[in-house]
Amino acid sequence: MKIIKAIPLCMLLLFIAACSSSDDSQPIAETSDIKANVYPIGVGLERKSETKIFLSELPYESYQSFQPLTSVEVPEDITVVDPVTIDVAEYKGKTLYFVALRKYLFSDDYYSVTSTTSGPLSDYSATIQEVDSVYEVSLVLSEPSSTDYWDTSKLTLTVERGGAVVPNMEVYWFGESSLWTQELKENIETRYMVDGSVAYSSMTQTNADGSLVINVPVNEAGEVQQGGTTRNYNSHVFFVIDNNVVQPTTVDITGLEVEHTLSY
């Protein structure tokens, strides 16, 4: 049996191997004599869930035009010495391309998390021979640029004071809730009382019904563990200032459409 490493030379430094678009996901190969051992190596990858290795006859360009032959789920607890093994016996004579794609948090499409730092996606390929062979492929997985793949959630935020909606109220977006502190709140109030300025982005004023719509980018990293604590990249603080007092609320973006009420 041949062992064929379908890996760009510069990837070997990151590769530790033991020799030995569609929903058509297949189970990990166990008995086939023609296999592909794919080693997904996370480098700066913050979310490991809902990631699959896809095989196709053409290099991946976009999910909309992608026509994969099959796919296999990548276990979240996989290590760099554990391969995702795929039976490729039925693809004898074909050149296969390998790519790791991750599902969007709140929609059904996928996007690439395969690093192209060491070369284009077309480098990760293997021509399947008639003889029994094991093809070893190393893929570095990393977070792509946010501008390449982030979805947008439509947040409808309503402001209420004492149970009554508040029209024409300026709403501000602070940002990620993990960074919000009581000290920051007091600093905002102090500055506002001094010169009436606010150092954070205004989302304009509420409508006559006390609501406004805000387009919030969805950070596909989602919730991650950092130093023993959970960080939710999609949890945001918005606030209003009423009678020189900051009234904040925390909004967790949990879908492509979210409704929330800021009440005080």
Check your understanding: Tell me the side chain to side chain donor-acceptor pair (under 3.5 Å) pairs involving residues 92-101, sequence neighbours left out?
Key ->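 As it turns out, the side chain to side chain donor-acceptor pair (under 3.5 Å) pairs with a partner in residues 92-101, which skip direct neighbours, are T95-T127.
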Check your understanding: Can a donor-acceptor pair be found between the side chains of E160 and T261 at a distance below 3.5 Å?
Key ->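 T261 and E160 do not have a side-chain donor-acceptor pair below 3.5 Å.
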Review point. Between T79 and D82, is any side-chain donor less than 3.5 angstrom from a side-chain acceptor?
Key: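 Judged by distance alone, the side chains do pair up.
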Spacing of [X] atom [atom1] and [Y] atom [atom2] [to the nearest 0.5 Å]:
X: I128; Y: K35; atom1: CD1; atom2: NZ; answer: 13.5 Å
X: Y135; Y: Y91; atom1: OH; atom2: OH; answer: 13.5 Å
X: S153; Y: N219; atom1: OG; atom2: CG; answer: 12.5 Å
X: H260; Y: T250; atom1: NE2; atom2: OG1; answer: 7.5 Å
X: R161; Y: Q247; atom1: CZ; atom2: CD; answer: 9.5 Å
X: D109; Y: S62; atom1: CG; atom2: OG; answer: 9.5 Å

Does [Y] offer a backbone N or O that forms a donor-acceptor pair with the side chain of [X] under 3.5 Å?
X: T114; Y: L141; value: no
X: Y60; Y: Y63; value: yes
X: K103; Y: S107; value: yes
X: T206; Y: N168; value: yes

Heavy-atom check, side chain of [X] versus side chain of [Y], under 4.5 Å:
X: Y39; Y: V81; result: no
X: E143; Y: L45; result: yes
X: I41; Y: V43; result: yes

Exercise for review: Flag yes if more than 12 heavy atoms outside E183 fall under 6.0 Å of its CD atom; otherwise flag no.
Suggested key: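 Counting other residues, nucleotides and ligands, CD of E183 stays at 12 neighbours or fewer.
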Exercise for review: Count the heavy atoms of every other residue, nucleotide or ligand shown that sit under 6.0 Å from CD of E259, and state whether that count exceeds 12.
Suggested key: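 No, CD of E259 has 12 or fewer neighbouring heavy atoms, counting only those of other groups under 6.0 Å.
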**Study point:** Ring-ring centroid check F54 Y110, cutoff 6.0 Å
**Key:**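 Ring-ring flag for F54/Y110: true, centres closer than 6.0 Å.
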Return the set of residues passing side chain to side chain contact (heavy atoms under 4.5 Å, CB included) with [X] (not counting sequence neighbours), or none when no residue passes.
X: N215; answer: T152, K154
X: S197; answer: R191, D195
X: L58; answer: none
X: D209; answer: N207, S211

Show the nearest heavy-atom pair for residues [X] and [Y], with the distance to one decimal.
X: S112; Y: P144; result: O-CG, 3.7 Å
X: V84; Y: P75; result: CG2-CD, 4.3 Å
X: F98; Y: A36; result: CE2-CB, 3.8 Å
X: N234; Y: G222; result: ND2-CA, 3.8 Å
X: P40; Y: V74; result: CG-CG1, 3.9 Å
X: S125; Y: S122; result: OG-O, 3.7 Å

Pairing residues for [X] by the salt bridge (charged side-chain N to carboxylate O under 4.0 Å, His left out) criterion, not counting sequence neighbours:
X: R231; value: E176
X: E170; value: none
X: D252; value: none
X: E46; value: none

Review point. When you look at V99 and Y124, which way does the side-chain contact (heavy atoms from CB on, under 4.5 Å) test go after all the steps?
Key: CA-CA 7 Å; V99 67; Y124 306 103; over 6 Å; no
**Study point:** Check ion pair E220-R47 (N to O, under 4.0 angstrom)
**Key:**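 Salt bridge flag = yes for R47 with E220.
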Review point. Can you list the steps and then say if V113 with L101 is a side-chain contact (heavy atoms from CB on, under 4.5 Å)?
Key: CA-CA 6 Å; V113 289; L101 305 181; over 6 Å; no
If you link ILVMFWY side chains whenever their heavy atoms are less than 4.5 Å apart, which other residues fall into the same cluster as [X]? By chain and number, please.
X: F238; value: L105, F106, L155, L157, V159, V166, M169, V171, W173, M203, L212, I214, V216, V218, V240, V251, I253, L256, V258, L262, Y264
X: I241; value: Y172, F174, L179, W180, L184, I188, Y192, V198, Y200, V237, F239, V246
X: V224; value: Y233

